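Heads up: the structure comes next, in structure tokens.
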Amino acid sequence: MPEKVHTYFGDSYNESSNQAVKAVKAVPELTVVEDEGRKKRRNKKRKRDEATEEAQAQRDNVLVEKPVKAPSSAPEKVVTVPVGNKEPKHEPSTDQTSAPKPKPKSFADTKTNFTSLREKANALYELRKKLPIFGHADEIRQRLRDRDVMLLVGETGSGKSTQIPQFLVNEFWCRPTPAKVLQEDGSEKSITVGGCIAITQPRRVAAISLARRVAEEMGTPLGSSSPASKVGYSVRFDTSTSPSTRVKFLTEGMLLQEMLHDPWLTKYSAVVVDEVHERGINVDLVAGFLRNLVSGKREGRGGVPLKVVVMSATADMESLMGFFQEGFQEQEQEQQQGQKQLSNGTENGENGENSEQNSMAISACHIKGRQFPVKTIYSPEPVHDFVDAALKIIFQIHYKEPMPGDILVFLTGQETVENLENLVNEYAIGMDPSLPKILVLPLFAALPQAAQQRVFAPAPPRTRKVILATNIAETSVTVSGVRYVVDCGKAKVKQFRTRLGLDSLLVKPISKSAAIQRKGRAGREAPGQCFRLYTEKDYLALDETNTPEILRCDLTQALLNMKARGVDDIVRFPFLTRPPREALEKALLQLLNIDALQDDGSISDVGLHLAKLPLSPTLGRVLLAASENGYDCLLDVIDIISCLSVENIFLNTTSEEKKEAAETARRDLYRREGDHLTMLSTVRAYAGENVDRKVWAERHLVSHRAMQSVMDVRKQLRSQCRSAKMLPREETTGHYPDPSPDLILQSFLSGFATNTARLVPDGSYRTIVGNQTVAIHPSSVLFGKKVEAILYNEFVFTNRSYARGVSAVQMDWVGEALAGR
DNA sequence: GAGCACTGC
């Protein structure tokens, strides 16, 4: 039996060690009683002059001109300002070092100046030494010399993401190693295995900013800027590595994609999987593949071991420990069966010297983070309206607590954010003028980029920032200056319902781990307070961790990836969390329907092709179908698919006037065939705009940011189609013939034959498979229209069932598409 | 009459 070794560094983490202070005292100066008028105003759909991207941008320009604190750099990750070249924000530690540092310069300026890189790295070394993890470097190295798998709990601020790769990169096992592998024809081939460390991240911005930081610390140029660069990154649309890359940050999806081409990860000596606690579906796949890799015979690596480090911010490591142990146990059993008991197994003690046994054991470490203490204050009784409760607490904090100290409020969605924004602004008008001012800043993903940036500008003098955010602020964005967190305890969660084949977006209680994460946002720069708008009893009843995405999403793509990796028996795949059988079966059926699998369940040529496309299997299938309808059809379908695989390209129009303006501005873009052809005409018009695309987008109330992504995807898909000989080698430019709507929509039906509905006599639509009622989403150009049958991209449930991304089709096309399977 | 957050050679 492999021996489990627990090692705890520092104090163990304990959420309840923070003194819980109960009872929220009412603020005498403020009574929040809603009058009738206000209630009406809130209940009505907000009529406030809705800020368009243009208007927001104008506001921003004013604000952005204020001096932004010169950023120093951060030992631990992050800053994920979604745009621009912002450097990482302050961590507590950097405040204490007064060593004057040169302002970070772009590597373009310094790429030949290795002396200055070295000087900078030397300066940064002093900061690295102060990180909680730094003193454990030798221990961590020793553990990985003895064993192949290490689990590491590193709390926020421990420095794990930047330091672990640097601790390991010069280890003997991290050198490129010559090896011989058996080829399919039975001959041996000499290859080089290892030499590089991969560190996976759930988000692109994190991968890039970590790579930049680690390059600075190591005194090496970043990525492809120099052939001598030792640190690089790889994310979609942006890979920056050099022949000398030893440390590579990449997104989880990118590693999966690499594994399709190199199943044994022969480039790597180690894979570090970071942020496992977020439990995106890609992490589950990576973990399963890695377990098979480390506990198998390593034949594809010529026997060279692969070291695996799994890192998480929360202490739930037992399941991971069991997960990897199970793999080793299975391997052991196989070995014992195979070779009839080699020795009379002297059971290994804690410090057993049998190296074979040791490399199979798993080591676990716990590194205390560096956070300031945050006091938790629970609501004394259950809260019914968290918007009102948040309003009270915001003013309570503002009246009682000293400046500085901004307030971050976690809400569920755009609607609650905007409601509370109005309420706070109304109350702030009547505030005692001797008090500091309040600046309310909304923050959610659909907000135009420029408006998001306002959150990062420091507050004007004598002003307290109140940031009203969705859970975008939980992981993706770090706002400095926050000392007070108000947590409503809820979030909108997307859940795929297998039986109905539909996505639901519902407000649900968050997990304890998310609550702790939210609370932590108050203690990044100074001691803070976290006001939970729920009782302690409610808190204790929350789930420990977030529901893993693999239990909440459509598994079609995940299964296709597994099949393409040669996992034939899905039931035997080591799932970190096993999805219900029904969900797996549904996904398999879907893959059969689009010809991605052969009848015996093994992957088909179509499936192999689909797995390599950066698209969902259904959209990929549409692409292949379109390629059979000629180059022109394929080019048009690529434009549409590009729109469908990014966020909404049309800006929301909440007010009546804006809506009318949008109607007028977009009139020349709308197509009566539906949303698909409307997207096509939009891409064509945008791509054909040679003067100023940004201005064009603003004029048409089209999201410029979304269109930039569309163009990235379009370019990627076109280039992939050219490599696959589906398009001619040269980029076709210039004039395109008029599209053929019938051919385009028929191509879509070959992937989406089951996403169709027909008009029934009562005027509503019923799905053709399942006979469920579905309404056309109000954002569709077909909203309110009646046609024989519709094809839709998405079936979602919010307040009711909606079809999104809708086009009109003929019933006999649908019949043909369904019969064709 | 409506928009939680991520991500892909």
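Lettering of chains follows the sequences in order, A, B, ..., and the numbering in each one begins at 1. On a predicted model such as this, the values are computed, not experimentally measured, just so you know. What you see below is based on every heavy atom in this structure, not just the backbone, and it leaves out hydrogens, waters and symmetry mates.
Counting any heavy atom pair closer than 4.0 Å across all strands shown, A:V235 reaches sugar-phosphate atoms only and no base atom. In this structure, A:L613 reaches the bases: a heavy-atom distance under 4.0 Å links it to at least one base atom across the strands shown. Counting any heavy atom pair closer than 4.0 Å across all strands shown, A:L615 reaches a base atom. In this structure, A:Q720 reaches the bases: a heavy-atom distance under 4.0 Å links it to at least one base atom across the strands shown. Using a 4.0 Å heavy-atom cutoff across all strands shown, A:S723 reaches no nucleic acid atom at all.
Nearest to the side-chain atoms of A:K492 among the listed nucleotides B:dC4, B:dT7, B:dC9 stands B:dC4. Across B:dG1, B:dC4, B:dC9, the shortest atom-to-atom separation from the side chain of A:P778 is found for B:dG1. Checking B:dG3, B:dC9, B:dA5 against every side-chain atom of A:Q414, the shortest atom distance belongs to B:dG3. When each of B:dC9, B:dG3, B:dA5 is scored by its nearest atom to the side-chain atoms of A:A445, the top-ranked nucleotide is B:dA5. Comparing B:dC4, B:dC6, B:dG3 against the side chain of A:H777 picks out B:dG3 as the nearest. Minimum atom distance to the side chain of A:T251 is reached by B:dT7, of the listed B:dT7, B:dG3, B:dC9. In the set B:dA5, B:dC9, B:dT7, B:dT7 carries the atom at the smallest distance from any side-chain atom of A:R204. With distances taken from any side-chain atom of A:K612 to the nucleotides B:dC9, B:dA2, B:dC6, the minimum falls on B:dC9.
Taking atom CG of residue A:N282 and atom P of nucleotide B:dC9, one finds them 11 Å apart after rounding to whole Å. Residue A:L651 contributes atom CG, which lies 14 Å from atom C1' of B:dA2 at whole-angstrom precision. The interatomic distance linking A:E418 (CD) with B:dC4 (P) rounds to 10 Å, in whole Å. A straight line from CZ of A:F444 to P of B:dC4 spans 9 Å, rounded to a whole angstrom. We find that CG of A:L411 is positioned 12 Å from P of B:dA5, with the value rounded to whole Å. The separation between A:R565 atom CZ and B:dC9 atom C1' is 15 Å, rounded to whole Å. Atoms CG (A:L506) and P (B:dG3) sit 11 Å apart, rounded to a whole Å. Atom CZ of A:R203 is separated from atom C1' of B:dC4 by 13 Å (rounded to the nearest Å).
An OP1 or OP2 oxygen of B:dC9 is reached within less than 4.0 angstrom by no side-chain nitrogen or oxygen of A:S234. Phosphate contact (OP1/OP2 of B:dA5, side-chain N/O of A:T470, threshold under 4.0 Å): present.
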request  = Could you please spell out the steps behind the side-chain hydrogen bond (donor to acceptor under 3.5 Å, both in side chains) verdict for A:T478 and A:R521?
outcome  = CA-CA 8 Å; A:T478 303; A:R521 294 295 183 189; 3.2 Å; yes
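Ring-centre distance between A:F496 and A:F795: not below the 6.0 Å cut-off.
Between atom CD1 of residue A:I197 and atom CD1 of residue A:I199 there is a gap of 6.0 Å, rounded to the nearest 0.5 Å. Interatomic distance, OH of A:Y233 versus CE of A:M254, reported as 11.0 Å (0.5 Å rounding).
Of the two residues contacting DNA chain B, namely A:R552 and A:P614, the nearest-nucleotide position lying further toward the 5' end is that of A:R552. Where A:A446 and A:L610 each meet DNA chain B at their nearest nucleotide, the meeting point lying more 5' is that of A:A446.
Looking at A:Q772, its side chain never comes within 3.5 Å of a backbone N or O of A:R766 through a donor-acceptor pair.
Screening A:V637, A:I641, A:L791 for a side-chain contact (heavy atoms from CB on, under 4.5 Å) involving A:H676 leaves a single residue, A:L791.
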